[in-house]
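Step one of this worksheet: look at the structure below.
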Protein chains: 2
Amino acid sequence: MSGGVVRRPTGADVAREAGVSPSTVSRALNGTGYTAPEVRERVRAAAARIGYIPDANARSLRNRSSRSVGVLISDLRNPFYADLAAGIEQVLRAAGYHMILVNDDGNAEEELLAVQTFAAMRVSGVIITPVSSRSVKSLREHGINVVQADRRAGTRHGDAVLGDNEQGAELITEHLLGLGHRRIALLIDETKWTTGAGRLAGYRAAHEAAGVPLDEKLISFTTSFEAEAARGATAELLGAHPDVTALFAANNVIAQGAFQEIQRRRIAVPRKLSLAAYDDVPWMSMVRPGITTVTQHTVSFGKRCAEVLLNRLDGAAEQEPTIVHVQPELVVRASTAPPR
Amino acid sequence: MSGGVVRRPTGADVAREAGVSPSTVSRALNGTGYTAPEVRERVRAAAARIGYIPDANARSLRNRSSRSVGVLISDLRNPFYADLAAGIEQVLRAAGYHMILVNDDGNAEEELLAVQTFAAMRVSGVIITPVSSRSVKSLREHGINVVQADRRAGTRHGDAVLGDNEQGAELITEHLLGLGHRRIALLIDETKWTTGAGRLAGYRAAHEAAGVPLDEKLISFTTSFEAEAARGATAELLGAHPDVTALFAANNVIAQGAFQEIQRRRIAVPRKLSLAAYDDVPWMSMVRPGITTVTQHTVSFGKRCAEVLLNRLDGAAEQEPTIVHVQPELVVRASTAPPR
DNA sequence: CTGTTAGCGCATTCAA
DNA sequence: TTGAATGCGCTAACAG
């Protein structure tokens, strides 16, 4: 039992039940075109009675567009992306859309595959934390609305919701400089993306503004996106430059690696070393000392992304690109203090 | 520019390009039915040349089923669910399916709405951490394959991937009893779901097995799913029962609240109080002392869910239900030690 | 205001 | 082995 093909009621069934034509059913249920109020009620009742659920695929085929939105992120296990997706989904759902979520693991191939999928599904838009500019271009060529989230790849055109990475990094660096630090190391993984580039620029700008000379050797580039790599980079840096008094980790994964290395070496934070990070994720407020961070209010960030997309779908098709800048905010906790 | 409707190539276009009929295109590209190898190549080349992407909606309409799988979870911001979804997505993607992710916030209404959506989309299956049994029933009535993940609502039928909550709770409780604790409090939020009920049962069973009398007053029920509520419950419990030497938090959110309250009161862990939790999430290994937990290997857990569903889709339509039990594993860290 | 007709793009009969 | 015809379920013209 239970198995087999379930013949689900169609619009024609509703039509029969209500004694009208299929097109009237469509109009009555969708509120498009004219329908006599009395008829509309009858159709609604009939539909409810037989449990009619309009077939989304038929509708999308006919309309050449669906109520689906593609969301393409790097890593759902990273709370930054998970929160972003959570914010997006919340707004989409409230607006009657649903989210196709694809993880690309920071891999351009996978990203391109997902673009194919989204094109095939005729999603009405895509929100993407881009890895390669090809995907974004490809999306556009397919006539799909795209909102770039968190960073931009290549093209500077089109809708985007971005954090002000330069300002965020300045906030942190200023904070550290203001405490009296002069040897502040930056741990960063990439500077090809707008996020990394901006954070590096902010770090530089803050030094410049304060008139503090910057030692380029204190900028450490991690090669991978794993916390373990960041731990190694931290070890190396601390070994080579024992005079460093503060560490600035450019994202939450790097911060994790740095924190672990610091714990392993039993370095007293903030007495011997201050630590600050970009992006506030839960563990940073759970550990002692709590980590000073720049938060981007990630869930709201995601909401903004969805709002920008929805706005574009609501007729603003040929409007100017919307660029939203999310203000980063410094959260001072106990991991930063004046140098000894 | 860029705007307007993009006329995407259809199978007919490919047919024209390759000098064959549309049906041959379909056969050649899908590998169904007979096609001359030479023709197949020609069609493939033509398709690639003009950038043909089969319309997923048309295909789903025709096939009465899509390559979409609905995933319905409680809260993407909770790392447990995020990891679960990450595991599911990874396996689905590798198998050529995609994930429609819906958050129900533990709300039965939202859950039911999502069921409607999934039915409308003709998803080929749904993986759900159920809130209400109605949704699961409704899904079945629509002839949709469902895999219940982590817990079951009402019905004991059908495919499911479940943690052995009773055993996991026993593992923790035994561990604490073995250390010599006799006054172990349990912080739990619900016991209507199979997860909560199982964990409570395991806590009881371990006491029984050890011949240690259990004080029912040490079982504290949180009313909400927020960490803050758990913090309050912890405060109350600690106030009422200062002789408690160990705390067992039944999930990661409760553990967070408990941990925060413990920090606030500056209670020495594990010297004055031991703390253990169900489900291992990142902050638990970052804080000092690290929290002793039972891990369910959540990402793999998610993978198993997807595998069970895929297996069902692969012809096992009328097969016996698959029930997978995921073995919990005790991870002993520094938050548990013999009572003072 | 409502019904008839047509077609979205595909996969599958059935004939050839 | 291939092509022509058909219909999945829906909505939008167009007549009435």
Side-chain angles (χ1 to χ4, degrees), chain A residues 5-44 46-47 50-68 116 119-124 142-143, chain B residues 5-44 46-47 50-68 116 119-124 142-143:
Chain A
V5 179
V6 177
R7 230 283 291 180
R8 294 241 293 283
T10 73
D13 296 324
V14 178
R16 206 169 306 117
E17 182 80 10
V20 296
S21 78
S23 42
T24 298
V25 170
S26 172
R27 280 186 300 243
L29 262 29
N30 295 321
T32 60
Y34 301 96
T35 336
E38 181 255 335
V39 173
R40 183 161 44 227
E41 252 338 291
R42 190 145 44 91
V43 171
R44 286 214 179 122
I50 68 176
Y52 172 62
I53 300 177
D55 185 301
N57 294 303
R59 186 178 276 178
S60 300
L61 175 58
R62 174 65 229 225
N63 294 345
R64 295 143 167 298
S65 106
S66 71
R67 299 292 279 181
S68 302
Q116 297 278 105
M121 297 181 74
R122 289 194 154 51
V123 295
S124 44
H142 283 298
Chain B
V5 179
V6 178
R7 231 282 292 181
R8 294 243 291 286
T10 72
D13 297 321
V14 178
R16 206 169 306 116
E17 182 79 10
V20 295
S21 78
S23 37
T24 299
V25 170
S26 172
R27 279 186 301 243
L29 263 28
N30 295 322
T32 60
Y34 300 96
T35 335
E38 180 255 332
V39 173
R40 184 161 44 228
E41 253 337 291
R42 188 145 45 90
V43 171
R44 286 216 178 121
I50 68 177
Y52 171 62
I53 301 177
D55 185 302
N57 294 304
R59 187 177 275 181
S60 300
L61 175 58
R62 173 67 231 228
N63 294 345
R64 300 173 145 71
S65 105
S66 71
R67 299 291 281 181
S68 302
Q116 298 277 106
M121 298 182 73
R122 287 193 157 49
V123 296
S124 44
H142 284 297

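Both backbone and side-chain heavy atoms feed into the values below; hydrogens, waters and symmetry mates do not. None of these values were measured; they are calculated from a predicted model. Note on naming: letters A, B, ... go to the chains in the order of the sequence lines (proteins, then strands), and numbering restarts at 1 for each one.
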What does B:Pro54 touch in the nucleic acid at a heavy-atom separation under 4.0 angstrom: a base, only the sugar-phosphate, or nothing? sugar-phosphate
The nucleotide from D:dG9, D:dT1, C:dA11 with an atom nearest the side chain of A:Arg62 is D:dG9
Just to be sure I understand the rule, does A:Asn57 reach a base, reach only the sugar-phosphate, or reach nothing, if contact means heavy atoms closer than 4.0 Å? nothing
Select one nucleotide: of C:dT12, D:dG9, D:dT11, the one nearest the side-chain heavy atoms of B:Thr32. C:dT12
Does D:dG9 have its OP1 or OP2 closer than 4.0 Å to a side-chain nitrogen or oxygen of B:Arg64? yes
Need one value for B:Val25: base, sugar-phosphate or nothing, where a base atom within 4.0 Å counts as base even if backbone is also close, heavy atoms only. nothing
Would you mind reading off the distance between A:Arg42 atom CZ and C:dG3 atom P, rounded to a whole angstrom? 9 Å
Figure out the OH/C1' separation between B:Tyr34 and C:dA15, and round it to whole Å. 15 Å
If only side-chain N and O atoms of B:Arg27 are considered, is one of them under 4.0 Å from the OP1 or OP2 phosphate oxygen of D:dT1? no
Mind checking A:Ser60 for me? I need base, sugar-phosphate or nothing, with any heavy atom below 4.0 Å counting as a touch. nothing
Between the side chain of A:Asp55 and the main-chain N/O of A:Asn57, is any donor-acceptor distance below 3.5 Å? yes
Would you say a side-chain N or O of A:Ser21 is under 4.0 Å from OP1 or OP2 of C:dG3? yes
Look at the side chain of B:Ser23 and the base of D:dA4, then say whether one donor and one acceptor between them are separated by less than 3.5 Å. yes
Considering all heavy atoms of both residues, which atom of B:Ser66 and which atom of B:Val123 are nearest to each other, and what is their separation? OG-CA, 3.6 Å
